[in-house]
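What follows is a short report on a single structure.
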Amino acid sequence: MSIFTRLRQLRGQRSRAVRASGAASADGAVAADGAVAADGAVEAEGAVAAENAGAGGGVAAAGGAGRRPGWRVGLAWLLTTLAALFVFFALVGPIRLDMLTFSGLVRIPVEGLLGVLLILALPPRPRRVVAAVLGAVLGLLTILKIIDMGFYEVLDRPFDPVLDWVLIGDGANFVERAAGPAGEIGAWIAAVLLVLAVVTFMTLAVLRLSRIVVRHRRNSVRTVAVLGFAWVLCAVFGAQILPDVSVASTDAATLAYGEVAQLPADVKDQKVFRAEMAQDQFANTPGDQMLTALRGKDVLVTFVESYGVVALQDPQVDAVLDAGTKELEAAGFGARSALLTSPTFGGGSWLAQSTLMSGLWVDNQQRYNDLVAGHRLSLTTAFGRTGSRIVGVEPAVTEAWPQGAYYGFDKLYTAQNTTYQGPRFNFSSIPDQYSLADFQRSERATGHDPVMAFMALLSSHTPWAPIPHLVGWDSVGDGSIYDGMPQQTTGPVAAWRTSGGIRTAYMQSIQYTLSTLISYVKTYGDKNLVLVFLGDHQPASVVSGDHASRNVPITIVAGDPSVLDRISGWGWQDGLRPNAQAPLWRMDTFRDRFLTAFGSQPAPAPSQPH
């Protein structure tokens, strides 16, 4: 072989080596591009990953130039761990804060196991789409869990995605009244950012984990098999670490199904409620047969905000009620008390108010909307048939309130038309003493016809601080006497630093309102005054405790003994303070019992034309 032939051969071999090297480099570039764009060079059924590993080993052998820095490896492990924890919480996290414990999270989510199998079964492009959709769904479920936690803390029930949207506006109104417009805007911004962040990060987390699952296909299948077998055993034998919390978890699927199933349940409930609205034995009772035993009386039905049975556990509240009973007896007034079960807890006062007034169980917004749009007889309209002047005192109403038309008010006093010139207290409210004083001089002191008043007193509204103190009734005036008083008492920030501080503030607010009512009866009461006062609901769980009842006290005070004689068959207890043995009724039963006791006659429904 000539030297020239040998040189040509060597040149050809070098050219082929260069082309092979170029091809390998191109393949590596493609693989790297695939890793960034999608699933980390795992999609060529493991071949590209193996090739990259070999190439990486070759490069490392050539000088270690392709080895990743240690901090990048650590960061990758950290991100993967955080992604796994994020997804794991979405699958097994509870909907109540009191269940958010380490033991409560030791669970096996079947949805996660099925999700891994689905990811492994799909080709690359559909896999990425499905992973993104699953991440977004898990993000939304996580948001629902967070909302549920808040609802359980305040209202002791889960969020209803169909009916509870109105409460978002009410919550924003509360923040605005408590923290001002800037606080409301900040709360809206924080809420929107939270939703976007949770959904976005959950989607990225699922995408990241799906890439790792495919990259380690064999180990993933083995892990799913082991955990799947463990899940079946736990499900069959009912394994639990905490009571009523199964290790074999289906929580995510159950939550998703429950949200979807809520719509037909709400539709069915609406039909049931509308049928109940149509059944009213007093609907056609004429005025001369309605409430005959209360003719000439001024009747005040007064809701004390958050006045629940938990207040009766406080010695100082009990002392106010017991002393008030003696003071009223000395002034010629008697009292009878019992307990009612409210349809709501921690909030939603309008549900309790409409329940008592209508005689229907109004435990959700849909029922409330149907009620106020209809013509169901209320206690206010029943008194209206007798010729009484119907007055509403609603200091929480700060804008148009079309729902108030249901109650048939001749006059409605709200925050919009008040003459109050003093400072605002908790919930930006005016003192209860001012509300009663203004009502007294505007209605009872004017010589009007007998008055039936439907009143809401707000000084015991969350956050229960600051609260006013009693002043002389002749000094109330336009409220200027309260100037400087909020700064002289404990504010909400200080009160809410500890659970004990919150409870103390709540109890003090209840003492104030009860003392105000007792003082009002002593000052302005006469033989023609009948006062019905009750709680609308228990305070939030932060005061009432977890799994508290929905029971509230109710009391009737009268200067005319014949009024209390009418309810002697009810078995209510003497005085202002009911104990645990007091009769307990559902709040919706009160209307018909009250109407019957005070002389109302049921009237037959008009005959229907054939």
Side-chain angles (χ1 to χ4, degrees), residues 300-325 327-328 335 337 340 342 346-347 349 352-353 356 393-396 413 415 418 420 422 424-440 453-473 476 479 482 485-486 489-490 492 495 502-525 531-540 543-544 552-557 575-578:
L300 282 63
V301 178
T302 304
F303 288 87
V304 178
E305 175 67 37
S306 300
Y307 178 35
V309 293
V310 67
L312 304 180
Q313 300 172 8
D314 183 74
Q316 293 180 319
V317 170
D318 289 349
V320 169
L321 293 172
D322 291 342
T325 297
E327 293 171 6
L328 292 180
S337 298
L340 298 179
S342 173
S349 303
Q353 294 167 2
L356 185 100
V393 179
E394 290 283 351
Y413 295 89
T418 182
Y420 181 70
R424 301 285 171 166
F425 287 79
N426 60 21
F427 192 53
S428 294
S429 63
I430 64 177
D432 289 341
Q433 187 178 11
Y434 179 87
S435 295
L436 285 163
D438 189 48
F439 163 76
Q440 175 66 26
F454 169 23
M455 311 179 69
L457 299 181
L458 292 182
S459 289
S460 50
H461 194 288
T462 310
W464 307 307
I467 56 174
H469 57 74
L470 277 170
V471 299
W473 289 94
V476 172
Y482 297 105
M485 195 177 293
T489 59
T490 302
I502 297 171
R503 186 180 178 89
T504 297
Y506 165 76
M507 296 301 177
Q508 289 176 345
S509 70
I510 293 294
Q511 293 169 47
Y512 165 76
T513 298
L514 294 177
S515 298
T516 299
L517 285 168
I518 293 166
S519 178
Y520 175 84
V521 174
K522 289 168 54 183
T523 304
Y524 297 112
L531 170 65
V532 181
F533 70 90
L534 69 152
D536 48 8
H537 52 71
Q538 288 255 62
V543 172
S544 295
V552 299
I554 181 170
T555 298
I556 297 180
V557 179
L576 302 178
R577 178 168 65 92

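For the pair Y512 and P431, the minimum side-chain heavy-atom distance is below 4.5 Å. Side-chain contact check for E305 versus H537: some heavy-atom pair is nearer than 4.5 Å. Contact of the V304 side chain with the S460 side chain is registered, since non-hydrogen atoms from C-beta on lie closer than 4.5 Å. The shortest distance between side-chain heavy atoms of L300 and M455 falls below 4.5 Å. For the pair W464 and T462, the minimum side-chain heavy-atom distance is below 4.5 Å. Within the 4.5 Å cutoff, side-chain heavy atoms of V310 are placed close to those of Y506. No side-chain heavy atom of Y482 sits under 4.5 Å from any side-chain heavy atom of I430. Between V557 and L517 the shortest side-chain heavy-atom distance does not fall below 4.5 Å.
Residue Y420 holds its OH atom at 8.5 Å from OG of S429, rounded to the nearest 0.5 Å. Here the straight-line distance linking atom OG of S515 with atom CD of Q433 works out to 10.5 Å at 0.5 Å rounding. Annotation: the span from S459 atom OG to L514 atom CG amounts to 11.5 Å, rounded to 0.5 Å. Taking CG of L356 as the reference point, atom CZ of F454 lies at 8.0 Å (rounded to 0.5 Å). Taken to the nearest 0.5 Å, the CG atom of L328 stands 6.0 Å off from the CD1 atom of I518. Between Y520 atom OH and F439 atom CZ the span is 5.0 Å, to the nearest 0.5 Å.
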Original post:
So V471 and V476, side-chain contact (heavy atoms from CB on, under 4.5 Å) or not? Walk me through it.
Top reply: CA-CA 7 Å; V471 299; V476 172; 3.9 Å; yes
**OP:** Go through L457 and Y307 one step at a time and tell me if the side-chain contact (heavy atoms from CB on, under 4.5 Å) criterion holds.
**Re:** CA-CA 10 Å; L457 299 181; Y307 178 35; over 6 Å; no
**OP:** Take T504 and T490, measure what side-chain contact (heavy atoms from CB on, under 4.5 Å) needs, and give me the verdict at the end.
**Re:** CA-CA 11 Å; T504 297; T490 302; over 6 Å; no
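Here the shortest heavy-atom pairing between F303 and Q353 reads CZ-CA, 3.5 Å. The two atoms that bring S435 and V393 nearest to each other are CB-CG1, 4.4 Å, heavy atoms only. Heavy-atom minimum distance, L576 versus A335: CD2-CB, 3.6 Å. Of all heavy-atom pairs between P395 and A415, the closest is O-CB, 3.4 Å. The minimum heavy-atom distance between D536 and A352, with the atom names listed, is O-CB, 3.1 Å. Taking each heavy atom of P486 and P466 in turn, the nearest pair found is O-CB, 3.7 Å.
For T523, the side-chain contact (heavy atoms from CB on, under 4.5 Å) partners at least two apart in sequence or on another chain are W473, S519. Residues satisfying the side-chain contact (heavy atoms from CB on, under 4.5 Å) criterion with I556, sequence neighbours excluded, are V530, V532, L564, I567, W570, W572. Residues satisfying the side-chain hydrogen bond (donor to acceptor under 3.5 Å, both in side chains) criterion with Q538, sequence neighbours excluded, are absent altogether. Residues satisfying the side-chain hydrogen bond (donor to acceptor under 3.5 Å, both in side chains) test with T555, not counting sequence neighbours, are S337.
Sorted by first then second residue, the salt bridge (charged side-chain N to carboxylate O under 4.0 Å, His left out) pairs that include residues 427-439, not counting sequence neighbours, are D438-R441.
Of the possible polar contacts, one joining the Q511 side chain to the M507 backbone as a donor-acceptor pair under 3.5 Å is found.
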Can I get a per-line list of side-chain donor-acceptor pairs under 3.5 Å for residues 311-320, giving both atom names and the distance, sequence neighbours left out?
residue: D314; atom: OD2; partner: Q316; partner atom: N; Å: 3.1
residue: D314; atom: OD2; partner: V317; partner atom: N; Å: 3.0

